[in-house]
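Below is one structure, written out as C-alpha cells; the observations come after it.
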Amino acid sequence: MPGPRDAFLRNPPSCVVLLPAEATGRGAVGAHLVEAAVERFLAVRFDRLVSGARRDRMARHLALDLRRPSDLRVLANHARCDHALEVRVDGGALAYAVVWAERRVTLSLTLRRIGGDAEILWSAKAVGARGDVGLPVSPLGLLSALFRAGRVAGDKDQARSLLDDVLREMTAGLPDVRGLARAAPRGAADRI
C-alpha cells in the first residue's frame, strides 16, 4: 500500500507556502523566531519556499484570512504554489527553580497539498530540552548549582539553538527535492 513518502516522491513539491506558526503553551517561543528557523532549514529542500514575510505581504495585499481554506487556495494560486507547511510549537518557556533550569519545546511540521483533499505528504514531530541541575549537598555545591542554573536561565540564544537542534533532527528524513519537480515528469519518481 503506497504511503505518504510514495505520494511525496510521485509528485514532489517545487514550491511550499510556510503557513503562520501556531504557538501554544505558557511562554511559547515567538512565532517569528520559529518561522525564521523553519525557513533556514527548509529553503535548502525545495525549489521555492514562500517565507512568512512574503506570505504576510501577499495576504495583506489580497485581504486574505489564511485560516480559511478558500483564502489559502487563493494565496497558493497567486504564489503559484500547491503545497503548504503547517508549523505548531508548544512550550519554550523557561522552568526555573533556584538550582534547576530547563527549557523544553515541542515542534511539529506537516507538509500538505493545498486543495480539495489536502493530502499529507510529510510530517514530523520532535521534542527538545536543555537544562542544568545541581545537587546542593554542601555550600560549595549550592553555589555551583546556583551558577549552573543561572547560566541556563540567562542564556538569551538558547531558544534559537534549541529550535535549530530540533529542526535538524526533524528534517534529516525529508528528501531534498530541488530540481526534481521540474526535471522529472509526473510518475517518473516511481523509477527513482
Side-chain angles (χ1 to χ4, degrees), residues 2-25 28-62 64-92 105-128 159-184 186 189:
R5 185 164 173 87
D6 296 329
F8 185 90
L9 291 174
R10 200 172 11 264
N11 184 10
S14 62
C15 178
V16 176
V17 175
L18 180 61
L19 295 179
E22 295 178 22
T24 60
V29 176
H32 66 284
L33 184 66
V34 174
E35 287 181 10
V38 170
E39 287 174 22
R40 276 195 317 275
F41 276 86
L42 295 185
V44 297
R45 302 288 182 162
F46 304 106
D47 288 327
R48 274 186 0 162
L49 180 70
V50 176
S51 69
R54 182 164 178 238
R55 172 206 66 220
D56 291 343
R57 278 193 309 272
M58 291 171 62
R60 264 192 316 273
H61 177 72
L62 298 170
L64 300 173
D65 178 3
L66 297 181
R67 293 173 294 193
R68 297 177 53 200
S70 60
D71 284 1
L72 180 57
R73 282 192 293 275
V74 169
L75 178 80
N77 288 336
H78 193 271
R80 292 190 301 268
C81 275
D82 55 352
H83 296 83
L85 185 74
E86 298 171 355
V87 180
R88 288 191 183 87
V89 62
D90 184 29
V105 66
T106 302
L107 188 64
S108 59
L109 303 175
T110 305
L111 180 66
R112 297 179 183 269
R113 291 200 199 285
I114 299 173
D117 61 358
E119 175 184 17
I120 295 176
L121 298 177
W122 175 81
S123 67
K125 183 174 184 176
V127 177
R160 277 190 183 91
S161 176
L162 182 57
L163 278 172
D164 285 352
D165 289 348
V166 170
L167 281 164
R168 191 173 299 109
E169 177 187 332
M170 293 173 77
T171 59
L174 180 64
D176 180 353
V177 294
R178 289 175 295 174
L180 184 60
R182 281 180 275 138
R186 292 191 190 268

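Hydrogens, waters and symmetry mates are skipped; everything else that's a heavy atom, side chains included, is used.
Rounding to the nearest 0.5 Å gives a distance of 12.0 Å between CZ of Arg113 and CD1 of Ile120. Residue His78 holds its NE2 atom at 15.5 Å from CZ of Arg55, rounded to the nearest 0.5 Å. One distance of note links CG of Asp71 with CG of Leu64; it measures 4.5 Å at 0.5 Å rounding. The line from SG of Cys15 to CZ of Arg48 is 3.5 Å long, rounded to the nearest 0.5 Å. Note that the CG atom of Asp56 and the CG atom of Leu75 stand 9.5 Å from one another [nearest 0.5 Å]. Remark: Glu169 CD to Phe41 CZ distance equals 11.0 Å, nearest 0.5 Å.
When the options Glu86, Arg112, Arg88, Arg67 are evaluated for a side-chain contact (heavy atoms from CB on, under 4.5 Å) with Leu19, the one that passes is Glu86. For the side-chain contact (heavy atoms from CB on, under 4.5 Å) with Leu85, the qualifying choice from Thr110, Val17, Leu42 is Leu42, the only one to do so.
Closest approach of Lys125 to Thr106, counting heavy atoms only: CE-CG2, 3.5 Å. The nearest pair of heavy atoms linking Val50 to Cys81 is CG2-SG, 3.7 Å. When all heavy atoms of Met58 and Ala79 are compared, the pair lying nearest together is CE-CB, 3.4 Å. Closest heavy-atom contact between Ala37 and Leu163: CB-CB, 4.4 Å.
Side-chain N or O atoms of Glu35 include none that pairs as donor or acceptor with a backbone N or O of Leu18 at under 3.5 Å.
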Report task. Report the C-alpha distance between Phe46 and Leu111 in whole Å, list the side-chain angles of each, state the deciding distance to 0.1 Å, and finish with yes or no for side-chain contact (heavy atoms from CB on, under 4.5 Å). Result -> CA-CA 12 Å; Phe46 304 106; Leu111 180 66; 4.1 Å; yes
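Residues Glu39 and Arg54 are not paired through a salt bridge, judged by the lack of any N-O separation under 4.0 Å between the basic side chain and the carboxylate.
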